[in-house]
Amino acid sequence: MLPGMRCCMSSAAAVFGSLCHGCRSRARSLSFQGFSWSLRQNSWWNSQDSNDLPTAENPRILITENVILSDIKKAPPEVYRSGPFVYADVLDYKNLRELVVNNRITWLVHYSALLSAVGEANVALARKINITGLHNVLDLALESCLRLFVPSTIGAFGPSSPRDPAPDLCVQRPRTIYGVSKVHGELMGEYLHHRYGLDFRCLRYPGIISANTQPGGGTTDYAVQIFHDALSTGHHECYLRADTRLPMMHIGDCHRATVEFMQAPECQLSLRTYNIAAMSFTPEEVATEIRKQLPHLKVTYNPDSVRQTIADSWPVRFDDSNAQRDWGWKSTYGLEELVSDMLSSIRDKKTNAGLPVS
């Protein structure tokens, strides 16, 4: 079968509590600026009452999620419980169009992509999913007057970009198909906004760290794996050098930034693509912070040439002053809070699953 995507449809708060980057358990309790969610709210999706028509305060949202190489992955139970769930293919425009029309979608959040390291291992597939799939979504959003969110990434910058910090507007010459596809998405969205008025919105995410998802082929994924290794074997072999500094963000800040950005009135936005920042750290710095709770952690370094080269071409820090000024962005998690939350969350998951904890 063709590589596929998962599509979830739900109300705004539930949507951003179940993004493909993890933290689905937060969907039951999220509340952002007047948006709240409970499982009982599922019922309005099946209602034909005209009072259930989508409004600016209660949009209907379609999320395209992470691509699975071999097939379309079956959703875990918590996703089915949190709202309507359908199977779809990001390359099938007709099917996507039917989903939008039949479910009266007003916002589209497009997360389907192959990440940096995986994309370099399969450039043709990455080009198809990350670029052809994006064009399907852009065309659909333009045709149906949707508010469209497409995330970008630290990978949209290249070795000639300013690194410390990287501003919103600068030279971008990425050297991965993932980064190239993201720059393409940024520019296409901006063009369609200025040419046709498409409400296109894009955030450049740093490395996103979540306890609820396993590493998925990204260059920053060591910063997730190190927590699992610390609590299981007590040893982590890092594929980056000890001093490789990269921007990172807790999944909770990522969710909140996305919701706040999508809710922001268009008149407040001076850009269509913004950097968002939280913290920057090296593998050795996060290991040192983990050792404050798990002194036995041992980290060895065996740099992988592909991932190290990618990391060396990326910014050390993001300048997110425009996001702070235009729509009030501010992170809440620093390194200490991130480490405490990750260790606590992963420890609880392992204990509940009956797995040993180091």
Side-chain angles (χ1 to χ4, degrees), residues 3 5 7 19-20 61-67 88-97 99-100 105-116 118-120 122-158 160-161 166-206 257-258 261-262 264 266 269-276 314-315 318 322-323 326-327:
M5 70 175 187
C7 298
L19 296 178
C20 64
I61 305 171
L62 170 65
I63 299 180
T64 66
E65 291 192 53
N66 48 311
V67 172
D89 185 341
V90 72
L91 301 178
D92 187 342
Y93 182 85
K94 181 176 182 292
N95 180 226
L96 292 179
R97 189 182 191 190
L99 289 172
V100 167
I105 299 299
T106 56
W107 290 6
L108 199 160
V109 178
H110 179 60
Y111 276 97
S112 293
L114 295 191
L115 301 181
S116 54
V118 172
E120 290 307 286
N122 197 332
V123 173
L125 181 60
R127 187 174 64 241
K128 181 184 292 186
I129 297 299
N130 294 10
I131 297 179
T132 303
L134 168 73
H135 277 265
N136 281 342
V137 167
L138 287 169
D139 290 347
L140 182 60
L142 193 61
E143 177 187 73
S144 301
C145 298
L146 306 179
R147 178 171 296 184
L148 174 63
F149 177 80
V150 178
S152 189
T153 168
I154 182 178
F157 297 100
S160 57
S161 304
D168 286 314
L169 301 175
C170 65
V171 172
Q172 292 175 258
R173 289 294 184 271
R175 293 185 177 176
T176 65
I177 187 61
Y178 178 57
V180 168
S181 68
K182 288 301 185 181
V183 174
H184 177 78
E186 293 177 13
L187 295 177
M188 281 301 303
E190 184 174 329
Y191 166 74
L192 293 174
H193 168 72
H194 290 296
R195 182 71 173 83
Y196 299 108
L198 175 66
D199 189 356
F200 172 84
R201 305 184 183 210
C202 179
L203 294 176
R204 292 195 190 106
Y205 289 153
T258 308
F261 182 49
M262 286 296 281
E266 272 202 278
L269 306 181
S270 63
L271 302 170
R272 307 315 297 186
T273 297
Y274 290 87
N275 293 338
I276 52 170
W314 286 355
F318 274 168
N322 287 320
D326 288 359
W327 47 277

Is R272 reaching over with its side chain to a backbone N or O of F200, donor-acceptor style, under 3.5 angstrom?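 Yes: the side chain of R272 pairs with the backbone of F200.
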
Backbone of R204 reached by a side-chain donor or acceptor of T153 within 3.5 Å: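 Such a contact is absent between T153 side chain and R204 backbone.
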
Could you check if a side-chain atom of [X] sits within less than 4.5 angstrom of a side-chain atom of [Y], using non-hydrogen atoms only?
X	Y	answer
L125	V118	no
W107	D199	no
R201	H193	no
V180	P174	yes
L148	L138	yes

Just do the side-chain contact (heavy atoms from CB on, under 4.5 Å) check on Y178 and L114 with the steps written out, would you? CA-CA 7 Å; Y178 178 57; L114 295 191; over 6 Å; no

If you apply the rule side-chain contact (heavy atoms from CB on, under 4.5 Å), what do you find for I129 with L91, and how did you get there? CA-CA 7 Å; I129 297 299; L91 301 178; 4.2 Å; yes

I276 and F318: CA distance, side-chain angles, deciding distance, side-chain contact (heavy atoms from CB on, under 4.5 Å) verdict: CA-CA 7 Å; I276 52 170; F318 274 168; 5.8 Å; no

Tell me whether the rings of Y196 and Y191 are parallel (<30°), tilted (30 to 60°) or perpendicular (>60°). perpendicular

Angle class for the F261/F149 ring planes (parallel below 30°, perpendicular above 60°, tilted otherwise)?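 Taking F149 first and then F261, their aromatic rings stand perpendicular (interplane angle over 60°).
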
Any donor-acceptor pair under 3.5 Å linking the side-chain atoms of Y274 with those of D326? yes

Just by distance, no angles: are the side chains of E186 and S152 close enough, under 3.5 Å, to form a donor-acceptor pair? yes

Answer yes or no: is there an ion pair linking K94 with D89, defined by an N-O contact shorter than 4.0 Å?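 No.
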
